[in-house]
Amino acid sequence: MSFKKLTVLGAGSWGTALSQAFSKNFSQVIIWGRSKRIINEINSLKKNSKYLPEIRLSENIVGCTQINEAVKECDILIVAVPTQSVREVLSSINSEISVPVISASKGIEINSLKLISDIIKEVLNIQDDLIFALSGPSFAKEVALGLPTAVTLAGNIKIGEKLQEKLNTETFRLYITDDIIGAEIGGAVKNVIAIATGASDGLGLGNNARASLITRGLFEMTKVAKAFGGKPETLYGLAGLGDLVLTATGELSRNRRFGILLGKGYSVEEALKEVGQVVEGVKTVEALKKIQEKFSIELPISEVVYQVVYEGLSPREAVRILMSRQPKKEGF
């Protein structure tokens, strides 16, 4: 399997960061985006001033607004568009895709409750061993700056090892697993827990509360993974605990920042406007509400985040609800 041409779908912060990171290993990286302004800027100035204004992009990165041109003859395809747009974007591809497709989007489709890997298989009609998920603690800005980052690549081990060899750089390290479900669930649910920890910090509730939310949030992540058929142990690694800790505590986290603003009294609309980019946890918590009902599982943190975001519950009342729940044994 020869990997010479890489295409990245999505010219936001994450797609741009991945293009920059992997440009070290490819003579050309094609990045597709809808915005002509952004793509023209990438091509003419080697900048993406909207999403990563501090970064000078590699000369190897070429922008494209025509998706079928972007995917033509590519050897690896990375999907890095917002979760709820994945189906629409992939459906616009009219050529056959028979190369590894890596999902770098983190979330669950609201209407179908499908993971990104399921959508890729359904829309592109490709075999299971060509579908992968990339997940783990990885702020886009730090990846683009070349700061040390380690993530999980989940999927077929044999092909995954070849991808690992091609994609690893001096600053971006991939660990492989065959548990694509666990990796995807970790990447999705951690955003909801990060909203909760952000709200706690916005309320000034302290470090104890934050640590408790992270730990019990990890428990909720493992329950969802098990319900979908994933392995709980995957959630103890980079795609679960690692990503959760980063997103729940890091200052670059959009989900955490959104939560902080809610804790400080901003409305949902005001907080989203202030963040200014997609906050994946807002959509994911809607999917988790449906998952609770479908699988009859308790997700108390996710439940109160849903109530805060969609039903007008105050963050302080959410804390009272969590702290007054029926006492029970700790367990994973």
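The residues of the chain are indexed from 1 along the displayed sequence. What you see below is based on every heavy atom in this structure, not just the backbone, and it leaves out hydrogens, waters and symmetry mates.
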Lys166 NZ/CZ over Phe22 ring centroid, <6.0 Å and within 45° of normal: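 Not satisfied by the 6.0 Å and 45° rule.
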
Arg254 charged N/C atom sitting above Phe258 aromatic ring, 6.0 Å / 45°: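 Judged by the rule, Arg254 and Phe258 form no cation-pi pair.
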
For atom [atom1] of [X], decide whether the heavy atoms of other residues, nucleotides or ligands shown that lie under 6.0 angstrom number more than 12.
X	atom1	value
Glu165	CD	no
Lys121	NZ	no
Lys223	NZ	yes
Glu96	CD	no
Lys231	NZ	yes
Lys264	NZ	no
Glu54	CD	yes
Lys47	NZ	yes

Within the 4.5 Å heavy-atom criterion, are [X] and [Y] side-chain neighbours or not?
X	Y	value
Glu286	Gln84	no
Trp32	Val71	no
Ile76	Val99	no
Leu244	Ile193	yes
Glu109	Val86	no
Ile30	Val62	yes
Ser27	Asn60	no
Phe139	Leu246	yes

Distance, nearest 0.5 Å, that separates [atom1] of [X] from [atom2] of [Y]:
X	Y	atom1	atom2	value
Thr7	Phe26	OG1	CZ	9.5 Å
Leu90	Leu124	CG	CG	5.0 Å
Leu145	Gln20	CG	CD	9.0 Å
Leu9	Cys64	CG	SG	10.0 Å
Lys4	Gln28	NZ	CD	13.5 Å

Among Ile260, Thr284, Asn255, the one residue meeting side chain to side chain contact (heavy atoms under 4.5 Å, CB included) with Ile195: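 Answer to the side chain to side chain contact (heavy atoms under 4.5 Å, CB included) test with Ile195 among Ile260, Thr284, Asn255: Asn255.
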
From CA spacing to verdict: salt bridge (Lys or Arg N to Asp or Glu O under 4.0 Å), Glu317, Arg320: CA-CA 5 Å; Glu317 179 63 12; Arg320 188 199 65 77; 2.7 Å; yes

Option among Thr249, Thr197, Asp201, Thr247 that satisfies the side-chain hydrogen bond (donor to acceptor under 3.5 Å, both in side chains) test with Arg256: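 The single option meeting the side-chain hydrogen bond (donor to acceptor under 3.5 Å, both in side chains) with Arg256 is Asp201.
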
Closest contact, heavy atoms only, Leu18 versus Ala104: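 Here Leu18 and Ala104 meet closest at CD1-CB, 3.6 Å.
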
Evaluation steps, side chain to side chain donor-acceptor pair (under 3.5 Å), between Glu184 and Ser117: CA-CA 8 Å; Glu184 287 192 278; Ser117 58; 2.5 Å; yes

Thr171-Lys24 side chain donor-acceptor pair, cut-off 3.5 Å: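 Distance-only check passes for Thr171 and Lys24.
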
No-hydrogen, no-angle side-chain donor-acceptor test under 3.5 Å, Thr16 and Asn48: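 Per modelled atom types, Thr16 and Asn48 side chains form a pair under 3.5 Å.
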
Intermediate values then yes/no, ring-ring contact (aromatic ring centres under 6.0 Å, His included), Phe228 and Phe295: CA-CA 9 Å; Phe228 274 76; Phe295 294 103; 5.5 Å; yes

